Amino acid sequence: MSSLEVLTVGRVGVDLYPEQSGVPLARVSTFAKSLGGTATNVAVAAARLGRRAGVLTKVGPDGFGTYVREALEGFGVSSEHVGTSPDLLTPVVFCELNPPADPPLLFYRQPIAPDLTIGEEDVPWALTREVPLLWVTGTGVSAEPARTSQRMMLANRARNGHTVLDLDYRPMFWPDVKTARAEIGWMLDHVTVAVGNRTECEIAVGTADPDEAADRLLAHGISLALVKKGAEGVLVATPDGRWTVEPNPVEVVCGLGAGDAFGGSLVHGLLSGWDPVKIARYANAAGAIVASRLACADAMPDQEEIEELL
C-alpha cells in the first residue's frame, strides 16, 4: 500500500471485551477479542471512511502480534510499518463494562509495551515527513525510546501538512502529572491540530476550562483545537473563531473507541478540506455510533452510517 494519506503512530493491543455487561471482571465468564489501541483504532476508522491509512507501531513475536497484522490488513490498513520487539509480548487489555459509559481498563503492558520501543531504526523517515497527515499521541512520549523517536519525527516534519496530536492521557502510563505536562506540552509546538477532552487539556495546558484551554492550545501556534466536553458537545477553536458543536444523544453500550472514531473522522475531514465545524459535526456523529456498539475497531462506522445519523 504505497502513497498512504495518513500514518498514525503509537499504541496497539488486543482488546478483550466481556460478553456479560454490568458485572465486575471477577464474574465475567467469556470475552470477545478485538483489535485495539488508540493510534490503531484511528487508522481503522479513517480506512472505513475510504482513506489510505497505515500504523507505525510494534508488537511481540507471538500469536497476538500475528492477529494484529492480519486484523489491520482485514480492515484495509497497511501493516507494513508494524515492527516486532523480540523480547516483549503484544499487549492485551481487559475492559470491564461496569459502568458501560466509562469502562475501567486493565492494561497488560509490562515491563514495557512494544509500541513504546519504537526506535530510530523503526521509523520510515521520508514517510513521516511527507505523508499528508501524521497522527501522534500523548502516550507515545510516555517512555523511551519512543519518546525521542516521536520527538524526532515531529522536529523532522516541521509542521508539514496536517500534523495532529491526540492528547490521549492515561495516568497509568506516566510517572507523574508534571512529566506528562512537560512532554505533551513540548509536542504542542510541533503540531497543527490538537484534540482532547477536558482532563487531557488540563494535563497538557494546565486548565480544564474549555475556552481557556483552547486559548492556551492556540497560543502554541496550532491552527485547530478541538476540546471534547462530553454531554456538552465539542468546542472547535481556530485563530479566527470558535464554535460549540452539539452532541448526538445515544444509548451508550460502551464508551470505548468513541474518541478514536471521532479521530478517524477528523482525519477524513482534514484531508477533505472541510471547515472545522463540519468536521466536528461529522466526528461527533461517528463517535456516537461507536458508543452505541460494543467493540472498538470492529465498530467503526462508514460514511453512509454517519450521514444517516446526521
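All values reported here derive from a predicted model rather than from experimental measurement. Computed from heavy atoms alone, side chains included, the values below leave out hydrogens, waters and symmetry copies.
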**Request:** Would you mind reporting whether L217 and C201 have side-chain heavy atoms less than 4.5 Å apart?
**Result:** yes
**Asked** Quick one: side-chain hydrogen bond (donor to acceptor under 3.5 Å, both in side chains) partners of R216, sequence neighbours excluded?
**Response** E212
**Message:** Can you confirm if the NZ or CZ of R48 lies within 45° of the ring axis of F75 and under 6.0 Å from the centre of its six-membered ring?
**Reply:** no
**Prompt:** Would you say the side-chain atoms of Q150 pair up with the backbone N or O of T137, donor to acceptor, closer than 3.5 Å?
**Reply:** yes
**Request:** Decide, yes or no, whether a salt bridge links D209 with R198 under the criterion of side-chain N to carboxylate O below 4.0 Å.
**Result:** no
**Request:** Please step through salt bridge (charged side-chain N to carboxylate O under 4.0 Å, His left out) for the pair D215 and R242, ending with a clear verdict.
**Result:** CA-CA 10 Å; D215 288 341; R242 59 188 62 186; 2.7 Å; yes
**Prompt:** Side chains of T192 and R159: donor-acceptor distance under 3.5 Å anywhere?
**Reply:** no
**Prompt:** Does a side-chain heavy-atom distance below 4.5 Å link V234 with F262?
**Reply:** yes
**Asked** Going by atom types alone, do E19 and T30 pair a side-chain donor with an acceptor below 3.5 Å?
**Response** yes
**Message:** Using side-chain contact (heavy atoms from CB on, under 4.5 Å), reason through V55 and H81 one step at a time and then give a plain yes or no.
**Reply:** CA-CA 6 Å; V55 188; H81 304 292; over 6 Å; no
**Item:** In one Ile/Leu/Val/Met/Phe/Trp/Tyr side-chain cluster, 4.5 Å: L56, W135
**Value:** no
**Request:** Give the cluster check for L154 versus V6: same hydrophobic cluster or not, with ILVMFWY residues linked at side-chain heavy-atom distances below 4.5 Å.
**Result:** no
Without placing hydrogens or testing angles, list every side-chain donor-acceptor pair under 3.5 Å for residues 303-310, not counting sequence neighbours.
from, atom 1, to, atom 2, distance (Å)
Q303, NE2, L49, O, 3.1
E305, OE1, D302, N, 2.8
E305, OE2, R293, NH2, 2.6

**Asked** Taking T90 for the side chain and G65 for the main chain, is one N or O donor matched with an acceptor at less than 3.5 Å?
**Response** yes
**Item:** L165 reachable from V131 in the ILVMFWY side-chain graph, under 4.5 Å edges
**Value:** yes
**Prompt:** Going only through I, L, V, M, F, W and Y residues with side-chain contacts under 4.5 Å, is there a path from V267 to V44?
**Reply:** no
**Message:** Counting the benzene-type ring for Trp, do F94 and Y108 have ring centres under 6.0 Å apart?
**Reply:** yes
**Request:** Go through L133 and V164 one step at a time and tell me if the side-chain contact (heavy atoms from CB on, under 4.5 Å) criterion holds.
**Result:** CA-CA 7 Å; L133 193 150; V164 184; 4.0 Å; yes
**Message:** To the nearest 0.5 Å, what is the distance between CD on E144 and OG on S149?
**Reply:** 7.5 Å
**Asked** So, R181 and E202, do they make that salt bridge, N to O below 4.0 Å?
**Response** no
**Message:** Within this structure, what is the OG-CZ distance for the pair S272 and R51, rounded to the nearest 0.5 Å?
**Reply:** 4.0 Å
**Message:** With a 4.5 Å cut-off on side-chain heavy atoms, are S142 and L116 touching?
**Reply:** yes
**Side-chain ion pair, E183 and R151, N-O less than 4.0 Å** = yes
**Prompt:** Without hydrogens or angle criteria, can the side chains of R11 and T38 be said to hold a donor-acceptor pair below 3.5 Å?
**Reply:** no
**Asked** Is the side chain of N160 donor-acceptor paired with the backbone N or O of R157 at a distance under 3.5 Å, no angle test?
**Response** no
**Prompt:** Heavy-atom distance under 4.5 Å between the side chains of L72 and Y67, does that happen here?
**Reply:** no
**Fill in**
Closest heavy-atom pair, P91 versus D115, reported as atoms and distance to 0.1 Å, is CG-OD2, 4.4 Å
**Prompt:** Under 4.5 Å between side-chain heavy atoms, hopping through other hydrophobics if needed: is there a path connecting I203 to V205?
**Reply:** yes
**Prompt:** Between D298 and L35, does a side-chain contact (heavy atoms from CB on, under 4.5 Å) hold up when you go through it step by step?
**Reply:** CA-CA 8 Å; D298 300 283; L35 185 64; 5.7 Å; no
**Donor-acceptor under 3.5 Å (E200 side chain, N197 main chain)** = yes
**Message:** Could you measure the distance from the CZ atom of R52 to the CG atom of L271? Nearest 0.5 Å is fine.
**Reply:** 9.5 Å
**Prompt:** For the side chain of S78 and the backbone of E80, is there at least one donor-acceptor N/O pair under 3.5 Å apart?
**Reply:** yes
**Message:** Please check this pair: side chain of H268 against backbone of G264, looking for a donor-acceptor N/O pair closer than 3.5 Å.
**Reply:** no
**Message:** Less than 4.0 angstrom from a charged side-chain N to a carboxylate O is my criterion; do D15 and K33 meet it?
**Reply:** no
**Request:** State, yes or no, whether a side-chain contact exists between I118 and P145 at a heavy-atom distance under 4.5 Å.
**Result:** no
